[in-house]
Amino acid sequence: MAARREALVARARILDEVRAYFRSQDFLEVETPSRVRNPGQELHLDAFYAEGGRYLITSPEHHMKRLVGAGYDRVFQVCRCFRQNEEGPHHQPEFTMAEWYRARAPLSSIADDCEALLVRAAAVSGRPFDGECVRTTVAALLATHAGVELQGDEDLPALERRVRTAGHDPRGARTFDELFFQIFLDHVEPALAQGPPTFVCDWPAPLAALARVRPGTPWAERFELYAGGLELANAFGELTDAVEQRRRFEAEAEERHRRDKVAYNVDERLLAGLATMPETSGVALGIDRLVMWALGASQIADVVAFPDPEV
């Protein structure tokens, strides 16, 4: 613990910078519940049960969107989040997230926010960074690093054909997301670890999650920010169509059942809030990983006061 003192001092200063940035942009800092009825249906996130029919949040997304729907145009939050089965050099079951939403703003404004936070974090640590990130697309990265020509709206058999044509083995992947991430993690993430911070934009429609799909295209308004081999942030041009969001929730619940996972209830209050939510962009950014990047740390245990095994 004593050996981490320098990192913890830098972490505290970076948190100060994060809050100072949002206040400079006229954001309101909010606190939303950590123990909720509906933690979200994302296939790859599993919530901890917290008694009384409630779960610990995997992110504060649902409640923050309800605030935006109630007229709060710029809100941010720094909070603890909890996810089962997330352990490793870059993961902990309990971690710190910054999440923010800009109503009536394009997704590019969220990318600008992320660049500004990287600049402030780098300034604290003395890491050289000129503030310029690469902005590219999922399709361009898969073509360059894996030779897979992604169309964006193909089904699993079509993606399998493209993967085999590029010379890769699907290795028995049973779903679109399994095969996509198999290729992405094997070929794209290692390449991103070697370059400058990069916004990976325009995700295929089957991976839209809570993002809207750009009209007339098969691409979701979504980006992930990678820096130093770390996925730092996941951002959406937020879907405000409650009918389409219900369809996705129900499809994800069905898929969670099929994979023997807990399927959470559809968040009816969130769906009601979408009816009054203006066009909005939002993002979740991992504070622990931001500190790791700024300090050049190789494991999350180096930048938290108590790594999970020490709790």
Could you check whether [Y] and [X], counting side-chain N and O atoms only, form a donor-acceptor pair closer than 3.5 Å?
X: Thr96; Y: Arg11; answer: yes
X: His168; Y: Arg162; answer: no
X: Thr32; Y: Arg66; answer: no

Determine whether [X] and [Y] fall in the same hydrophobic cluster, where Ile, Leu, Val, Met, Phe, Trp and Tyr are linked whenever their side-chain heavy atoms lie under 4.5 Å apart.
X: Met97; Y: Val283; value: no
X: Phe199; Y: Trp100; value: yes
X: Val78; Y: Ile110; value: yes
X: Leu207; Y: Tyr226; value: yes
X: Phe176; Y: Val163; value: yes

Keeping the roles fixed (side chain from [X], backbone from [Y]), state whether a donor-acceptor pair exists under 3.5 Å.
X: Ser281; Y: Arg102; result: no
X: Asn38; Y: Asn265; result: yes
X: Glu154; Y: Gly152; result: yes
X: Tyr264; Y: Ala47; result: yes
X: Arg248; Y: Ala209; result: yes

request  = Could you go through the salt bridge (Lys or Arg N to Asp or Glu O under 4.0 Å) check for Arg212 and Glu244 one step at a time?
outcome  = CA-CA 9 Å; Arg212 59 182 175 250; Glu244 170 61 11; over 6 Å; no

Distance check, rounded to the nearest 0.5 Å: [X] atom [atom1] versus [Y] atom [atom2]?
X: Leu159; Y: Asp153; atom1: CG; atom2: CG; answer: 11.5 Å
X: Glu224; Y: Glu231; atom1: CD; atom2: CD; answer: 4.0 Å
X: Asp177; Y: Leu43; atom1: CG; atom2: CG; answer: 5.5 Å
X: Leu210; Y: Glu61; atom1: CG; atom2: CD; answer: 4.5 Å
X: Leu230; Y: Leu192; atom1: CG; atom2: CG; answer: 11.5 Å
X: Glu86; Y: Gln84; atom1: CD; atom2: CD; answer: 10.0 Å

query = Can we say Arg74 and Asp113 salt-bridge, meaning some charged N sits less than 4.0 Å from an Asp/Glu carboxylate O?
reply =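 No, no charged N to carboxylate O under 4.0 Å.
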
request  = Salt-bridge test for Arg23 and Glu29: reply yes if a basic N is under 4.0 Å from a carboxylate O, no otherwise.
outcome  =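 A salt bridge links Arg23 with Glu29.
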
key: Worked verdict on Arg83 versus Glu42 for salt bridge (Lys or Arg N to Asp or Glu O under 4.0 Å)   = CA-CA 12 Å; Arg83 296 176 183 178; Glu42 289 92 333; over 6 Å; no

Salt bridge (Lys or Arg N to Asp or Glu O under 4.0 Å) assessment of Glu115 paired with Arg135 = CA-CA 11 Å; Glu115 285 182 330; Arg135 301 190 187 199; 3.2 Å; yes

request  = Start with the C-alpha distance between Arg256 and Asp46, add both sets of side-chain angles, then the distance that settles salt bridge (Lys or Arg N to Asp or Glu O under 4.0 Å), and finish with yes or no.
outcome  = CA-CA 10 Å; Arg256 289 185 68 91; Asp46 295 310; 2.7 Å; yes

key: Check: Phe76 ring centre within less than 6.0 Å of Phe22 ring centre   =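 Yes - the distance between ring centres of Phe76 and Phe22 falls below the 6.0 Å cut-off.
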
message = For the aromatic rings, using the six-membered ring if either is Trp, is the centroid distance between Trp203 and Phe180 under 6.0 Å?
response =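 Centroid separation for Trp203 and Phe180: below 6.0 Å.
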
Check: Leu150 and Val138 side chains under 4.5 Å, non-hydrogen atoms =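 The answer is yes; the side chains approach within 4.5 Å.
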
request  = Kindly indicate whether the side chain of Thr198, heavy atoms from C-beta on, has any atom under 4.5 Å from the side chain of Val200.
outcome  =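 Sidechains of Val200 and Thr198: in contact.
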
task = Walk me through it: do Cys81 and Ile57 pass the test side-chain contact (heavy atoms from CB on, under 4.5 Å)?
result = CA-CA 6 Å; Cys81 296; Ile57 55 169; 4.2 Å; yes

